[in-house]
Each structure stands twice: as C-alpha cells, then as structure tokens.
Amino acid sequence: EVVDDAESSGPETGLYLAGVPEGPEPQVTSGQHERGWRVLGSLLLRDGLVNELELETALAQQRLSSTRRLGEILIQRGVVTETQVARALAEQHELPFVDLAEHELDLAAAARLPIAVAREYRVLPVSHLPGGGSLLVVTADPARAVQADELRAALDCPFQLAVGAAGQIDAALEVVERAGQVLASVPEPDPTPDPESVPEQHTETEPALALEPDLQPGRPAVPDMPAE
C-alpha cells in the first residue's frame with residue numbers, strides 16, 4: 001500500500017468547540033489503516049482516479065519539496081480535479097464534503113471570520129447550522145484547519161468542519177471580500193437632516209370673512225326700531 005506521509009493525519013470528529021484546545025495530532029498506525037482509515041493516495045488509487053505509476057511519480061516529485069501536498073501535485077499534473085481530491089480528503093478525515101457550486105453562501109455567516117484569517121487557512125464559514133449557535137466551515141486543508149488555534153479563536157463559536165474544493169473556496173472568498181468592500185464604502189446616514197432636503201411648509205392664511213351689511217363698521221349692530 002502506498003503511504004503519503006504528508007497527508008496522513010488521523011480522522012477528525014468534525015465538531016469543534018471555541019476555546020477548547022485540541023490535543024496532539026494523532027499518530028497513524030497500521031491498526032488505524034486496518035480499521036478503515038486510509039491515506040489520500042490509497043483512496044485515489046482505490047477509486048481508479050490514479051494508477052500506480054502516476055501516484056509513484058507524484059510522490060517522487062513531492063519528496064523534492066517538503067511544502068507541497070500530494071493532491072496539489074496531482075492536480076497540477078492534470079491527473080485529478082480539485083473536486084476529486086476534496087472528496088477523497090473528506091473521506092480520509094471522515095468529514096462531510098460540500099460542493100460550494102450547489103450550496104448557498106450565507107454572507108452573515110462568512111462575516112464571522114476575518115477575511116485575512118480565512119485566506120490564511122483557506123477556510124470559509126458558509127452557513128449557520130440548525131439552531132443558529134454553530135457554523136458550517138468549509139476548508140480545502142482539513143489537516144491544517146483542525147490544528148489552527150487562531151481559527152478557533154477568531155470564530156469564537158462551535159463549528160462543523162467540512163471539506164470543499166480549493167478553487168471554489170477561493171472564488172467564494174472573493175465574493176465575501178467584495179461584499180465587505182461595498183458595505184464599507186456606503187456612508188453612514190447623517191442624523192442631522194439637510195435643510196435643503198426638508199420640504200418647505202407653506203402656511204395658508206384663511207381668507208377674511210366678509211361682514212354682513214348690518215355689521216359693517218359705523219353701523220349699529222341692532223337695526224333702528226321704527227318710532228311708534
């Protein structure tokens with residue numbers, strides 16, 4: 001069996017609580033493999049997405065650079081797609097896979113995480129989970145995201161981690177960032193009204209009532225009685 005050490009952290013529970021430190025990264029043993037947990041290269045090979053020669057070539061290229069992941073190399077070589085790698089990573093870490101092309105993005109949820117932190121860890125809160133107290137957070141790199149104390153502190157709430165394609169996450173981050181820039185450019189309303197914008201109020205003067213002839217000035221209010 002081909003073992004990819006660069007992407008061989010153990011499976012995750014998926015639900016993380018804000019402020020609760022994670023323990024040390026679990027070590028992979030042969031017993032874990034026997035219980036069904038498998039590394040990325042083996043999953044891709046099992047599903048027929050790569051052959052042994054393609055996998056061995058990518059692993060050899062990976063050994064020349066300690067910072068490159070196997071999935072990244074296979075994608076750049078055109079062997080697999082980002083979505084295929086993301087689905088395999090989700091299975092590897094026992095996390096759900098989220099297709100952002102079919103998942104509605106909740107901008108209010110996305111705003112819970114500073115854009116700089118989201119880009120640093122390539123993660124994005126995409127929606128609130130039922131109940132409203134926790135978030136669904138999609139990442140392209142679950143092995144790194146689950147160990148990120150900065151991410152946990154920035155969210156400051158429970159969240160369910162899921163895996164998504166890297167390109168889709170990058171595109172969604174662009175949408176979130178542009179939305180934030182638009183909101184920031186909108187001036188706050190001035191509580192003082194503009195005098196020119198206040199409609200002029202015209203006070204209409206009621207016309208003077210015409211006096212009856214008997215009430216004209218200089219004439220008695222009571223007509224003269226005829227003399228007897």
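Values below: all heavy atoms of this structure, side chains included; hydrogens, waters and symmetry mates excluded. Numbering starts at 1 and runs along the sequence shown.
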Asp106 and His128: CA distance, side-chain angles, deciding distance, side chain to side chain contact (heavy atoms under 4.5 Å, CB included) verdict: CA-CA 8 Å; Asp106 182 348; His128 290 87; 3.2 Å; yes
Rounded distance [0.5 Å steps], [atom1] in [X] versus [atom2] in [Y]:
| X | Y | atom1 | atom2 | answer |
| --- | --- | --- | --- | --- |
| Leu151 | Leu113 | CG | CG | 6.0 Å |
| Leu74 | Gln61 | CG | CD | 9.0 Å |
| Leu161 | His93 | CG | NE2 | 9.5 Å |
| Glu120 | Arg144 | CD | CZ | 4.5 Å |

How close do [X] and [Y] get, heavy atom to heavy atom, and via which atoms?
| X | Y | result |
| --- | --- | --- |
| Leu136 | Ala162 | CD1-CB, 3.9 Å |
| Arg112 | Pro114 | O-CD, 4.0 Å |
| Gly164 | Ile169 | O-CD1, 3.9 Å |
| Leu55 | Gly41 | CD2-O, 3.7 Å |
| Ala165 | Thr83 | CB-OG1, 4.1 Å |

N/O donor-acceptor pair under 3.5 Å between Gln84 side chain and Thr81 backbone: yes
Flag, side chain of Arg152 to backbone of Cys157, donor-acceptor distance under 3.5 Å: no
Audit row: Leu89, Leu40, side chain to side chain contact (heavy atoms under 4.5 Å, CB included) steps and yes/no: CA-CA 6 Å; Leu89 283 173; Leu40 179 65; 4.2 Å; yes
Co-membership, hydrophobic cluster, residues Ile73 and Leu45, 4.5 Å side-chain: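 No; Leu45 is not reachable from Ile73 via cluster members.
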Evaluation steps, side chain to side chain contact (heavy atoms under 4.5 Å, CB included), between Val123 and Val138: CA-CA 6 Å; Val123 300; Val138 179; over 6 Å; no
Please set out all donor-acceptor pairs under 3.5 angstrom arising from side-chain atoms of residues 96-105, sequence neighbours excluded.
unit_1, atom_1, unit_2, atom_2, d
Asp99, OD1, Ala101, N, 3.1
Asp99, OD1, Gln168, NE2, 3.0
His103, NE2, Ser127, OG, 3.3

Side chain to side chain contact (heavy atoms under 4.5 Å, CB included) assessment of Leu124 paired with Leu173: CA-CA 7 Å; Leu124 181 64; Leu173 286 172; 3.7 Å; yes
Qualifying residues under side chain to side chain contact (heavy atoms under 4.5 Å, CB included), relative to Ile75, sequence neighbours excluded: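 So Ile75 forms a side chain to side chain contact (heavy atoms under 4.5 Å, CB included) with Val80, Glu82, Val85.
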Could [X] and [Y] be called an ion pair, given the rule that one side-chain N must be under 4.0 Å from one carboxylate O?
| X | Y | result |
| --- | --- | --- |
| Arg77 | Glu54 | no |
| Asp47 | Arg87 | no |
| Asp170 | Arg122 | yes |

Student check: side-chain heavy atoms of Leu155 and Leu135 closer than 4.5 Å: yes
Any side-chain heavy-atom pair of Glu177 and Arg119 under 4.5 Å: yes
Contacts of type side chain to side chain donor-acceptor pair (under 3.5 Å), residue Ser65, not counting sequence neighbours: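 Ser65: side chain to side chain donor-acceptor pair (under 3.5 Å) contacts with Thr67.
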